[in-house]
*Asks:* 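Sharing a structure with you now.
A note on names: the letters A, B, ... follow the listed sequences, proteins ahead of strands, and every chain is numbered from 1.
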Amino acid sequence: MLKDITLGQYFPGNSPIHRLDPRTKLIMLIVYIVALFSAGGWISYGLMLAFLAMAIKVSQVPLKAIVRGMKPLVLILIFTGILNLFFTTGETVLVSFWKITITLEGAVRAFFMVTRILMMISGTFLLTYTTSPIMLTDGLESLMNPMKKIRFPVHELAMMMCIALRFIPTLIEETDKIMSAQKARGADLESGNLFQRVKALVPILVPLFISAFRRADELATAMECRCYQGGDGRTKMKLLRYKRPDYYAFAVGVLLIGAVVLLRNFGL
Amino acid sequence: MAPILQVKDLQHIYSIGTPFEHTALDCISFSVEKGEYIGVIGHTGSGKSTLMQHLNGLLKPTAGTVLLDGKDIWSDKAFTRQCRFRVGLVFQYPEYQLFEETVYKDIAFGPKNMGLAAEEIDRRVRQAAGFVGITEEQLQSSPFDLSGGQKRRVAIAGVIAMEPEVLILDEPTAGLDPEGREEILANIESYRKAQNATIMMVTHSMSDVARMAQRLLVFSNGELMMDGTPKEVFSRAQELLDMGLDIPEVTRVFLRLHELGLPVEPVYTMEQAVEALKGLKEGNAYA
């Protein structure tokens, strides 16, 4: 059922990674991605992989969950792989037929590109799996705070994101319920050609939209009743504070990116 | 006569293999005879809604079987779809599933999915509308212009129009005013009488089930705790209260009267209460 969708879902836990400040995790993710895209050779990729494996191990997120989240991306991965495999020019020709040539450089490049995407997505999943949506938006809001100076609506954006994230499970549940209700009236969602299938969605989408609007309306009223007026002068119940493990994490991040840059200079 | 529905050792676990794994139902067995009126009670999260979705093949049991007329409803795909028509399920707040432009079209959705002929669909829509008291004029209006109670009756008509042998309703009276509740209960009763249908009604209203149902199933934490007539079930009032469930108000009053030393049997409907009190008065007159 729809409930089993795990893409970017939060896995409650109490590992050291779960306990890190969300800002630390966000910054570390950026550092990790920058390092990943700076990595140029087998050794630096090995280093990144070791770092990722260690992070996953420490987070206690089951590897299965991360692999399952990759499923929707298989097509993109295959596409990237093929594109790089066939369209990289190089010296050492491995196979050549018709107009297509596969070079050793192309094969290596395709492998690196696919690995890079896989590792980038695993890292992102690790963030969303170990950080609750509320912590995540809190962290983002705090990181984007300086942008308030140029009148960027940081708080409003964070609140919108928070509400959107908060309502994803609710809407999924609602969709599930409406689907069941229409199936109970004999709606057939699984068979038929494309046109029939699109038509079969109407009995689901109409009630879903109506309920989404109703919910938005109710939420707005409820927020107004509690005197919500936007971010001005609003204080937080849980203040974000960097603690010792956060500094350790930053140190690891600096070491990681330093090592990758150093290796890059030697072409490794 | 063979039971129309049979549930054998039913178990359902949600989200197997994730940290959210949760056993909603465990070792449930019971059978339903044709024409029975069954009330299903249990606190929120006791698994009763999950159970209802197993009875028409919306959810697949993780273990155990559900038999309709002696045949496993998951035995083949066509039969599972058949079950959806033979066992009608009205969800909680069914008015949120309305989607068509007119009430008529919405009620016709189910029969249309059954692949019936146009005249038969028309007959069923009008008959179903009749059961729930929707007028000819309302049939042509938009379902979104109706009041809450009317919307719900339209949604129930949408299931009744499939003429299911078993009609399952998940809290059909939730959130309605007393008048609306009475109407819905009367609608269900008229459908039952006309079609000799089997009714299963999930509810939190003890006085409703006490009055309407011939048999009660009591669920708690995914297990079937009691199965018997209202009299049998409500005579175990204390156990019900311990499970966090309610008992009919009259039963409460009579339990207290009994405690105070009056020679009364526990009753569970207003009519019985009147009889019991009359009897008591006459007894006193002779004393």
*Asks:* Take atom CG in L75(A); do more than 12 heavy atoms of anything else shown fall under 6.0 Å from it?
*Replies:*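 No, CG of L75(A) has 12 or fewer neighbouring heavy atoms, counting only those of other groups under 6.0 Å.
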
*Asks:* To the nearest 0.5 Å, what is the distance between CZ on R185(A) and CG on L89(B)?
*Replies:*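 Reported to 0.5 Å precision, the distance equals 11.5 Å.
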
*Asks:* With rounding to the nearest 0.5 Å, note down the distance linking CG in L58(B) to CE in M179(A).
*Replies:*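 Here the interatomic distance stands at 10.5 Å.
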
*Asks:* For A184(A) and M162(B), which heavy atoms make the closest approach, and how far apart are they?
*Replies:*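 Taking A184(A) first and M162(B) second, the nearest heavy atoms are O-CE, 3.3 Å.
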
*Asks:* Flag yes if more than 12 heavy atoms outside E120(B) fall under 6.0 Å of its CD atom; otherwise flag no.
*Replies:*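 Yes, the 6.0 Å shell around CD holds more than 12 heavy atoms from other groups.
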
*Asks:* If you apply the rule side chain to side chain contact (heavy atoms under 4.5 Å, CB included), what do you find for Y96(B) with K177(A), and how did you get there?
*Replies:* CA-CA 10 Å; Y96(B) 294 149; K177(A) 223 194 231 162; over 6 Å; no

*Asks:* Tell me if the CD atom of E21(B) is crowded by more than 12 foreign heavy atoms within 6.0 Å.
*Replies:*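 Check passes, neighbour count above 12.
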
*Asks:* Measuring from atom CD1 of I210(A) to atom CD of E95(B), what distance do you get when rounded to the nearest 0.5 angstrom?
*Replies:*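 Taking CD1 in I210(A) and CD in E95(B), the distance rounds to 12.0 Å.
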
*Asks:* Which heavy-atom pair separates P207(A) from F99(B) by the least distance, and what is that distance?
*Replies:*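 Taking P207(A) first and F99(B) second, the nearest heavy atoms are CD-CB, 3.8 Å.
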
*Asks:* With a 4.5 angstrom heavy-atom cut-off, which part of F85(B) approaches chain A: side chain, backbone, both or neither?
*Replies:*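 For F85(B), side-chain heavy atoms alone lie under 4.5 Å from chain A.
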
*Asks:* Non-hydrogen atoms of chain A under 4.5 Å away: do they reach the side chain of Q92(B), the backbone, both or neither?
*Replies:*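 No part of it gets close to chain A.
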
*Asks:* Checking the side chain of Q182(A) only, and the main-chain atoms of Q97(B) only, is there a donor and an acceptor separated by less than 3.5 Å?
*Replies:*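 Checking the backbone N and O of Q97(B) against the side chain of Q182(A), a donor-acceptor pair under 3.5 Å is found.
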
*Asks:* Flag yes if more than 12 heavy atoms outside L205(A) fall under 6.0 Å of its CG atom; otherwise flag no.
*Replies:*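 More than 12 within 6.0 Å, yes.
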
*Asks:* Are the side chain of R81(B) and the backbone of G186(A) linked by a donor-acceptor contact shorter than 3.5 Å?
*Replies:*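 Yes, because the side chain of R81(B) sits within donor-acceptor range (under 3.5 Å) of the backbone of G186(A).
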
*Asks:* Only heavy atoms, only distances under 4.5 angstrom. Which residues in residues 148-157 of chain B are near chain A?
*Replies:*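 So no residue qualifies.
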
*Asks:* Counting only heavy atoms from other residues, nucleotides and ligands, does the tally under 6.0 Å from CZ of F209(A) exceed 12?
*Replies:*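 Counting neighbours around CZ of F209(A), 12 or fewer heavy atoms of other residues, nucleotides or ligands fall under 6.0 Å, so no.
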
